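Comments concern the structure below.
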Amino acid sequence: MTPFTLAHLSDPHLAPLPKPRLIELAGKRALGYVNWTRNRHKYQRREVLDALVADMKAQAPDHIAVTGDLVNLALEAEFAPALAWLESVGPPDRVTAIPGNHDAYVGATSHLFGETFLHYIAADTPGGAAFPAVRRRGPLALISLSTAVPTLPLMATGTLGRDQLAALAEVLERLAAEDVFRVLLVHHPLKSSARAKRMTDAADLLALLKRHGVELILHGHDHIHSTMWVEGPNGNIPALGVPSASALAHGRYPAAAYNLFTIEKDNAGWRCEQTVRSLGAGFQIGQIKHVRLI
């Protein structure tokens, strides 16, 4: 079998931010807008994102996963440019996108991600709830989840909810009987010490994974390189996060990076290797890590 290559990037936080109308700056958005104009615009840079995506496309991955936070304040005017950007990354059959907390920043526009990026979300067999959505690509089953819910000011938590968890249990039980490499896509990490940024029902998801398992978990949200291991029915499962795809290095946050996963059958099991490529000096992208995960 020819190895299958999956690219993973997250949290592009697309710039520039459209000028909001005054009426759009009520409540949580007001704080977010101040944060963007004073701080975030300095290190969330479109030229960084463009350099990263150009390098990623040069690697010719078979599929690309984008794990949320395409926009910043979920202004209506942010979504059309975000769709144009995603279309430049690749067509819906080659790219899968899920929402992050910034994509559902406030209740008034929390529906727009699903409407705007429908073709990048949709399961191979439509029907029922939007999430979990399963897409089969080569030997992979990509299982998309949504933790994107509007939250109070200064909060960036995510929640799956009982319905999505129940549906996920059915999906995982069905896929466990198939010879397929299962990749779980979720915006929030499954373990977090930051109360204001955690997945509120992560314990329920971890319990499901302990019973049913997947081969790989990909997430964003924390804007850092991250590898953690969660318990599965046949051993530990690697769960990997990646820095913001548009970020200059700042403070404790590293420069923009993306992951490449090379996946192939290995006797009765699977082999999965991770390559990390990151922004370096002169806006050059280079490899900073290569490791076998499975």
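From a predicted model like this one, the values you see are computed outputs, not experimental measurements.
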SB check Asp222 Lys191 (cutoff 4.0 Å): no

Basic-acidic side-chain contact under 4.0 Å: Asp55, Arg277: yes

Derivation of the side chain to side chain contact (heavy atoms under 4.5 Å, CB included) call for Ile217 and Leu209: CA-CA 10 Å; Ile217 302 163; Leu209 293 172; 3.8 Å; yes

Candidate list Val183, Asp62, Thr96, test side-chain contact (heavy atoms from CB on, under 4.5 Å), partner Leu6, passing option: Val183

Separation between CD of Gln287 and OG1 of Thr275, rounded to the nearest 0.5 Å: 5.0 Å

Closest non-hydrogen atom pair, Asn259 against Gly241: ND2-O, 4.0 Å

Derivation and outcome, side chain to side chain contact (heavy atoms under 4.5 Å, CB included), residues His63 and Leu142: CA-CA 10 Å; His63 198 75; Leu142 298 161; 3.4 Å; yes

Distance-minimising heavy-atom pair for Pro61 and Arg94: O-NH2, 3.0 Å

N/O donor-acceptor pair under 3.5 Å between Gln59 side chain and Met56 backbone: no

Student check: side-chain heavy atoms of Met199 and Ser192 closer than 4.5 Å: no

Heavy-atom check, side chain of Pro233 versus side chain of His212, under 4.5 Å: no

Closest contact, heavy atoms only, His188 versus His219: O-CB, 3.9 Å

Ser10 side, atom OG; Leu70 side, atom CG - distance, nearest 0.5 Å: 8.5 Å

Main-chain N/O of Leu240 paired with His225 side-chain donor or acceptor, under 3.5 Å: no

Whether over 12 other heavy atoms sit under 6.0 Å from Glu76 CD: no

Test item: side-chain donor near acceptor, Glu273 and His290, under 3.5 Å: yes

Among Thr116, Ile64, Val66, the one residue meeting side-chain contact (heavy atoms from CB on, under 4.5 Å) with Leu86: Val66

Heavy atoms of other groups near Asn236 CG, more than 12 under 6.0 Å: yes

Flag side-chain contact, heavy atom, 4.5 Å: Leu216 against Ile237: no

Heavy-atom neighbours of Arg292 CZ exceed 12 at 6.0 Å: yes

Summary of salt bridge (Lys or Arg N to Asp or Glu O under 4.0 Å) pairs that have at least one residue in residues 172-182, sequence neighbours excluded: Arg136-Glu178, Asp179-Lys265, Arg182-Glu215

Atom pair OG (Ser193) and CZ (Arg198), whose distance is rounded to the nearest 0.5 Å: 11.5 Å

Arg29 vs Thr109 side-chain heavy atoms within contact, under 4.5 Å: yes

For Leu154 against Ala196, the heavy-atom pair lying closest together: O-CB, 3.9 Å

Smallest separation among heavy atoms of Phe117 and Ala82, with atom names: CZ-CB, 3.7 Å

Qualifying residue, where the test is side-chain hydrogen bond (donor to acceptor under 3.5 Å, both in side chains) with Ser246 and the options are Arg40, Arg46, His13, Gln44: Gln44

Ionic contact status for Arg45 with Asp50, cut-off 4.0 Å: no

Exam field: side chain Ser110 to backbone Pro150, donor-acceptor pair closer than 3.5 Å: no

Donor-acceptor contact below 3.5 Å, side chain Ser244 vs main chain Asp11: yes

Full working for side chain to side chain contact (heavy atoms under 4.5 Å, CB included) between Phe261 and Phe4: CA-CA 8 Å; Phe261 300 96; Phe4 187 96; over 6 Å; no

Phe181 side, atom CZ; Arg271 side, atom CZ - distance, nearest 0.5 Å: 12.0 Å

Heavy-atom side-chain proximity of Phe131 to Ile121 below 4.5 angstrom: yes

Hydrophobic cluster of Val106, others only, ordered by chain and residue number, side-chain cut-off 4.5 Å: Leu17, Leu25, Tyr33, Trp36, Leu73, Leu75, Tyr105

Non-hydrogen side-chain atoms of Leu160 and Asp204 separated by less than 4.5 Å: no

Distance-only polar pair, side chains of His8 and Thr67, donor-acceptor under 3.5 Å: yes

Heavy-atom check, side chain of Ile224 versus side chain of Pro243, under 4.5 Å: no

Residue pair Lys28 / Thr151, side-chain donor-acceptor N/O under 3.5 Å: yes

Distance-only donor-acceptor check, side chains Thr200 and Thr157, under 3.5 Å: no

Spatial distance of atom CG (Asp103) from atom CZ (Phe113) [nearest 0.5 Å]: 5.0 Å

Backbone N/O of Gly280 and side chain of Gln284: donor-acceptor pair under 3.5 Å: no

Steps toward side chain to side chain contact (heavy atoms under 4.5 Å, CB included) verdict (Asn35, Leu31): CA-CA 6 Å; Asn35 188 25; Leu31 293 174; over 6 Å; no

Distance (rounded to the nearest 0.5 Å) between Ile263 CD1 and Cys272 SG: 4.5 Å

Leu145 side chain reached by Leu184 side chain, heavy atoms, under 4.5 Å: yes

Atom NE2 of His250 with >12 non-hydrogen neighbours under 6.0 angstrom: yes

Donor-acceptor under 3.5 Å (Asn72 side chain, Leu14 main chain): yes

Test of ring centre spacing under 6.0 Å for His102 and His221: no

